[in-house]
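For reference, positions follow the sequence shown, starting with 1.
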Amino acid sequence: MAEEARERFLRARLRTLAPLREDAEREWKTPFYFIQGADPQFGLMKAYAIGDCNSGGDEWEEELKLTQQAVQAINQLNPKPKFLVLCGDLVHGMPGTPWREAQIRDLKNVLKEINPEIPLVFVSGNHDLGNTPTPETIQSYCDEWGDDYFSFWLGGVFFLVLNSQLYFDSSQCLELKQAQDAWLDQQLAIAKGRQCKHAVVFQHIPLFLKDPAEDHNYFNLELSIRQELLEKFHKAGVKAVFSGHCHKNAGGVYKDLEMVISSAIGCQLGEDTHGLRLVAVTAEKIAHRYYSLNELKNSQDVGKDIAVMLKQK
């Protein structure tokens with residue numbers, strides 16, 4: 001992979017995202033939109049089909065084609081999105097498993113075809129770090145995709161990217177979890193004190209699926225951790241949290257904070273289909289809609305939808 005293409009995957013450094021820095025992007029300018037995708041997870045579709053999600057996953061041709069379709073659709077959109085964020089589980093192979101290196105290589109080869117004017121934002125998932133991450137697996141991820149948590153500004157909006165696996169199981173990396181906690185408190189203080197137009201969080205594992213008080217399971221965060229984060233986000237004025245992980249669309253509301261869960265580019269575990277979410281940011285609100293990849297082929301109609309969302313009051 002050419003060095004220029006490689007750099008597209010390593011823009012999250014020193015806890016920020018080049019070139020979307022505060023000094024250049026702190027002031028509100030005009031409505032814009034971005035695209036959220038989740039869980040391309042190369043290798044899961046076969047593993048799920050054969051009922052062996054722990055060790056299966058030696059084929060990923062279907063996910064490759066779906067991601068190529070997503071890239072083609074993104075490149076055709078007019079106006080261009082301000083960025084594409086992928087909310088975790090980039091590949092299915094856990095750290096140290098067969099096929100992982102090849103899955104990462106093939107995913108990067110597809111993603112480097114995205115219009116270079118569209119920045120790529122990567123969020124770490126459990127398959128990227130391991131269900132119980134270690135300092136070594138986190139460092140390996142950072143070497144491939146950039147920092148596991150960071151913040152950036154765009155047009156007066158403050159975005160935070162979190163490593164949600166540290167909130168799911170930090171037993172093997174407590175110091176790294178404490179470091180993210182301290183950093184997050186600093187960032188939320190910035191969100192509260194700098195009077196950004198909106199504050200938005202990206203993470204892989206949702207805080208909750210439908211109800212902030214629902215029971216804990218594999219697809220959400222433990223209740224006490226969830227409640228702590230929800231209150232922190234609410235007090236700092238965070239408008240929305242976007243995640244993946246569930247391979248189906250879901251979400252709910254906590255006070256004035258919206259939890260938005262997008263289905264997968266890859267394997268589906270519900271009744272949704274492969275797709276992406278378009279998120280419009282205006283001075284008044286954040287509006288969004290999930291599109292199937294087939295719907296996105298009609299870029300003219302999608303462009304009209306974007307124009308409507310950007311004009312909403």
I'd like to know whether Q165 forms a side chain to side chain contact (heavy atoms under 4.5 Å, CB included) with I205, so could you lay out the CA-CA distance, the side-chain angles of the two residues, the decisive distance to 0.1 Å, and finally the verdict. CA-CA 7 Å; Q165 211 57 32; I205 301 177; 3.4 Å; yes
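- With respect to the salt-bridge test (charged N to carboxylate O, under 4.0 angstrom), the residues R100 and E144 do not qualify.
- Between the CG atom in L120 and the CD1 atom in I114 there is a gap of 5.0 Å [rounded to 0.5 Å].
- Listed by chain and number, the residues in a ring pair (Phe, Tyr, Trp, His ring centres under 6.0 Å) with W28 amount to none (sequence neighbours excluded).
- The hydrophobic cluster containing F158 does not contain L20, counting ILVMFWY residues as joined when their side-chain heavy atoms lie under 4.5 angstrom apart, directly or transitively.
- The number of heavy atoms from other shown groups lying within 6.0 Å of CD (E62) does not exceed 12.
- Nearest heavy-atom pair across A280 and L310 is CB-CD2, 3.8 Å.
- Sorted by first and then second residue, the ring pair (Phe, Tyr, Trp, His ring centres under 6.0 Å) pairs involving residues 248-269 (not counting sequence neighbours) form an empty list.
- Residues L162 and L207 share a single hydrophobic cluster, defined by chaining ILVMFWY side chains whose heavy atoms lie under 4.5 Å apart.
- Residue I225 is not grouped with residue L166 when hydrophobic side chains (ILVMFWY) are merged at heavy-atom distances under 4.5 angstrom, including chains of intermediate members.
- Here the side chains of L154 and V281 are not in contact, with every heavy-atom distance at 4.5 Å or above.
- The OG1 atom of T132 sits 10.0 Å away from the CG atom of N126 when rounded to the nearest 0.5 Å.
- Atoms CG and CZ, on L86 and F202 in that order, are 10.5 Å from each other to the nearest 0.5 Å.
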Checking V121 against F152 for the side chain to side chain contact (heavy atoms under 4.5 Å, CB included) test, could you report, in this order, the C-alpha distance in whole Å, the side-chain angles of both residues, the deciding distance, and whether it holds? CA-CA 10 Å; V121 180; F152 64 96; 4.0 Å; yes
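- Atom NZ of K232 has more than 12 heavy atoms from other residues, nucleotides or ligands within 6.0 Å.
- The hydrophobic clustering, which links ILVMFWY residues whose side-chain heavy atoms are closer than 4.5 Å, places V201 and F168 together.
- A donor-acceptor contact closer than 3.5 angstrom is absent between the side chains of D128 and W145.
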Could you walk me through whether E63 and Q103 pass side chain to side chain contact (heavy atoms under 4.5 Å, CB included), step by step? CA-CA 10 Å; E63 291 96 335; Q103 290 169 357; over 6 Å; no
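- Shortest non-hydrogen contact noted between P212 and V253 is CG-O, 3.6 Å.
- Remark: the backbone N or O of R15 is paired with a side-chain donor or acceptor of D147 at under 3.5 angstrom.
- Nearest heavy-atom pair, L66 versus G266, reported as atom, atom and distance to 0.1 Å: CD1-CA, 4.3 Å.
- Contact check on E231 versus K255 returns a salt bridge, with a Lys/Arg side-chain nitrogen under 4.0 Å from an Asp/Glu carboxylate oxygen.
- Listed by first and then second residue, the side chain to side chain donor-acceptor pair (under 3.5 Å) pairs involving residues 151-163 are D148-N163, S151-Q187 (not counting sequence neighbours).
- Counting heavy-atom neighbours within 6.0 Å of L14 CG, excluding the residue itself, gives a total of 12 or less.
- Proximity of a side-chain donor or acceptor of S170 to a complementary backbone N or O of C173 within less than 3.5 Å is not detected.
- No continuous path of ILVMFWY side-chain contacts below 4.5 Å connects L10 to Y149, so the two sit in separate hydrophobic clusters.
- The structure places CG of N220 at 5.0 Å from CD of E214, a figure rounded to the nearest 0.5 Å.
- Rounding to the nearest 0.5 angstrom, the gap separating the OH atom in Y218 from the CG atom in N131 is 5.0 Å.
- Among all heavy-atom pairs drawn from I265 and T67, the shortest one is CG2-OG1, 3.9 Å.
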Please list, one pair per line, the donor and acceptor atoms closer than 3.5 Å that link side chains of residues 34-44 to other protein atoms, with sequence neighbours excluded.
{"from": "Q36", "atom 1": "OE1", "to": "S262", "atom 2": "OG", "distance (Å)": "2.5"}
{"from": "Q36", "atom 1": "NE2", "to": "S243", "atom 2": "O", "distance (Å)": "3.0"}
{"from": "D39", "atom 1": "OD1", "to": "H247", "atom 2": "NE2", "distance (Å)": "3.4"}
{"from": "D39", "atom 1": "OD2", "to": "H245", "atom 2": "N", "distance (Å)": "2.9"}
{"from": "Q41", "atom 1": "OE1", "to": "H247", "atom 2": "NE2", "distance (Å)": "3.1"}
{"from": "Q41", "atom 1": "NE2", "to": "H92", "atom 2": "ND1", "distance (Å)": "3.1"}
{"from": "Q41", "atom 1": "NE2", "to": "H127", "atom 2": "NE2", "distance (Å)": "3.4"}

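- No side-chain donor-acceptor contact under 3.5 Å links N115 to the backbone of N75.
- Summarising the local packing, NZ of K29 is surrounded by more than 12 heavy atoms from other residues, nucleotides or ligands at distances under 6.0 Å.
- In this structure T134 satisfies the side chain to side chain contact (heavy atoms under 4.5 Å, CB included) test together with E136, T137, Q172, sequence neighbours excluded.
- In this structure, the side chains of Y48 and Q268 stay at 4.5 Å or more apart for every pair of heavy atoms.
- A side-chain donor-acceptor contact under 3.5 Å links S171 and D169.
- R289 is not listed as a side-chain neighbour of L278, based on a closest heavy-atom distance of 4.5 Å or more.
- Side-chain contact between K82 and V157 is absent, with no heavy-atom pair separated by less than 4.5 Å.
- Residues P81 and I74 have side chains in contact (heavy-atom distance under 4.5 Å, counting atoms from C-beta outward).
- Between R105 and E101 there is no salt bridge, since none of the side-chain N atoms of the basic residue sits less than 4.0 Å from a carboxylate O of the acidic one.
- Under 3.5 Å, the side chains of Q139 and D143 contain a donor-acceptor pair of N or O atoms.
- With a 4.5 Å cut-off on side-chain heavy atoms, R226 and Y167 do not count as touching.
- Using a 4.5 Å cut-off on side-chain heavy atoms (C-beta onward), Y33 and D305 make no contact.
- The closest side-chain heavy-atom distance from P19 to R11 is below 4.5 Å.
- Separation of atoms OG (S292) and CD (Q69) is listed at 8.5 Å; rounding is to 0.5 Å.
- For the side chain to side chain contact (heavy atoms under 4.5 Å, CB included) with V200, the qualifying choice from V260, V238, I286 is I286, the only one to do so.
- Residues satisfying the ring pair (Phe, Tyr, Trp, His ring centres under 6.0 Å) test with H288, not counting sequence neighbours, are F242.
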Criterion side chain to side chain contact (heavy atoms under 4.5 Å, CB included) on L160 and W183, from CA distance to verdict: CA-CA 11 Å; L160 303 177; W183 174 88; 4.2 Å; yes
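- The minimum heavy-atom distance between R8 and L111, with the atom names listed, is NH1-O, 4.0 Å.
- Of all heavy-atom pairs between S124 and Y141, the closest is N-OH, 3.4 Å.
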